Amino acid sequence: MTYDATASGLQAAFQAWADALNAGDLDAFYAFFDEESEVLDEDYPWRLSKAEFIDHINFHAAGGGQGLWEFFQWLPRDVEAKTWGSTGNVSGFSTFRGKPRDAGFRQRFMGFTIGWHHTGETWQIVSWHQSVLAGRIEGASPS
């Protein structure tokens with residue numbers, strides 16, 4: 001899919017990316033990541049390459065064929081998309097909520113920033129950082 005090098009094109013790319021994640025369409029989700037992208041995920045203590053991030057998500061999604069989650073949803077909130085030529089940034093807050101197979105309902109509140117680059121025909125993610133908002137999660141997701 002192609003998206004214009006505008007803030008509205010970036011917003012549309014971001015929405016398609018988030019929709020792919022929530023639909024479980026991981027191939028479409030991963031296609032938005034540049035091959036040299038970096039991810040700082042909320043439950044992983046260091047930077048991941050695209051291949052390492054795919055492996056990390058596959059562990060959660062596949063879990064030896066069973067999957068660790070019965071269902072989940074990543075809900076972006078207060079999203080803002082900005083562009084500067086071929087560079088874009090989407091930031092906001094999100095709620096990750098879901099039901100692991102082995103435990104009760106989980107909910108995490110996070111802030112995120114996603115760096116994008118326009119390739120000439122579409123937007124690609126070059127960096128994604130999300131972190132738990134510790135002050136809001138205390139006691140919200142018992143283990």
Side-chain angles (χ1 to χ4, degrees), residues 1-103 105-138 140-141 143:
M1 188 76 166
T2 61
Y3 298 95
D4 294 337
T6 62
S8 61
L10 177 56
Q11 180 67 39
F14 168 79
Q15 190 62 56
W17 170 80
D19 289 347
L21 173 61
N22 287 324
D25 185 352
L26 294 179
D27 289 338
F29 173 73
Y30 296 141
F32 280 96
F33 287 85
D34 185 84
E35 289 305 313
E36 296 183 42
S37 60
E38 300 178 338
V39 177
L40 292 168
D41 195 22
E42 102 281 352
D43 65 352
Y44 216 79
W46 49 82
R47 180 185 315 112
L48 300 169
S49 68
K50 179 179 180 177
E52 291 166 333
F53 180 64
I54 290 171
D55 181 65
H56 174 63
I57 295 300
N58 285 343
F59 170 77
H60 290 287
Q66 175 143 358
L68 299 177
W69 292 89
E70 289 181 31
F71 58 86
F72 72 86
Q73 187 175 37
W74 187 80
L75 296 169
R77 304 176 191 289
D78 194 25
V79 175
E80 200 168 310
K82 296 179 180 178
T83 59
W84 301 268
S86 64
T87 301
N89 186 67
V90 177
S91 62
F93 299 94
S94 64
T95 301
F96 177 82
R97 60 187 185 180
K99 169 72 175 80
R101 291 190 186 279
D102 67 344
F105 189 80
R106 299 278 170 83
Q107 186 167 242
R108 290 183 183 159
F109 305 104
M110 295 178 279
F112 69 88
T113 58
I114 306 171
W116 299 73
H117 171 72
H118 199 272
T119 65
E121 66 180 63
T122 196
W123 288 101
Q124 290 273 275
I125 294 171
V126 293
S127 65
W128 179 24
H129 176 215
Q130 63 179 355
S131 296
V132 171
L133 301 171
R136 295 184 185 185
I137 196 166
E138 184 67 30
S141 183
S143 51

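Predicted model, so just to flag it, every value in this text is computed and none were measured. Just so you know, residue 1 is the first one in the sequence shown, and it goes up from there.
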*Centroid-centroid under 6.0 Å between Trp128 and Phe32 rings*: no

*Do Asn89 and Thr87 come within less than 4.5 Å of each other through their side chains, counting heavy atoms only?*
no

*Assess whether side-chain contact (heavy atoms from CB on, under 4.5 Å) is satisfied between Phe72 and Phe96, documenting all intermediate values.*
CA-CA 7 Å; Phe72 72 86; Phe96 177 82; 3.5 Å; yes

_Atom of Tyr30, atom of Lys50 and distance for their closest heavy-atom approach_ = O-NZ, 3.2 Å

*For the residue pair Gln107 and Arg97, confirm or rule out a side-chain donor-acceptor distance under 3.5 Å.*
no

*Quick one: pull up CZ in Phe29 and CD1 in Ile125 and give me the separation to the nearest 0.5 Å.*
6.5 Å

*Give every residue pair that meets the side-chain hydrogen bond (donor to acceptor under 3.5 Å, both in side chains) criterion with at least one member in residues 115-127, sequence neighbours excluded.*
none

_Point-to-point distance, once rounded to the nearest 0.5 Å, from CZ of Arg47 to CD of Glu52_ = 10.0 Å

*Rounded to the nearest 0.5 Å, what's the gap from CG on Leu48 to CD1 on Ile57? Could you check?*
9.0 Å

*Give a yes or no on this: more than 12 heavy atoms of other residues, nucleotides or ligands lie within 6.0 Å of atom CD of Glu36.*
no

Under 3.5 Å, which donor-acceptor pairs link side chains of residues 75-83 to any protein atom two or more places apart or in another chain?
from: Arg77; atom 1: NE; to: Thr95; atom 2: OG1; distance (Å): 3.0
from: Arg77; atom 1: NH2; to: Thr95; atom 2: OG1; distance (Å): 3.4
from: Glu80; atom 1: OE2; to: Lys82; atom 2: NZ; distance (Å): 3.3

*Would you indicate whether the side-chain heavy atoms of Leu40 and Gln130 approach each other to under 4.5 Å?*
no

*Heavy atoms, side chains only, cut-off 4.5 Å: are Asn22 and Trp74 in contact?*
yes

*Are Phe33 and Trp17 side-chain neighbours, meaning at least one heavy-atom pair lies under 4.5 Å?*
yes

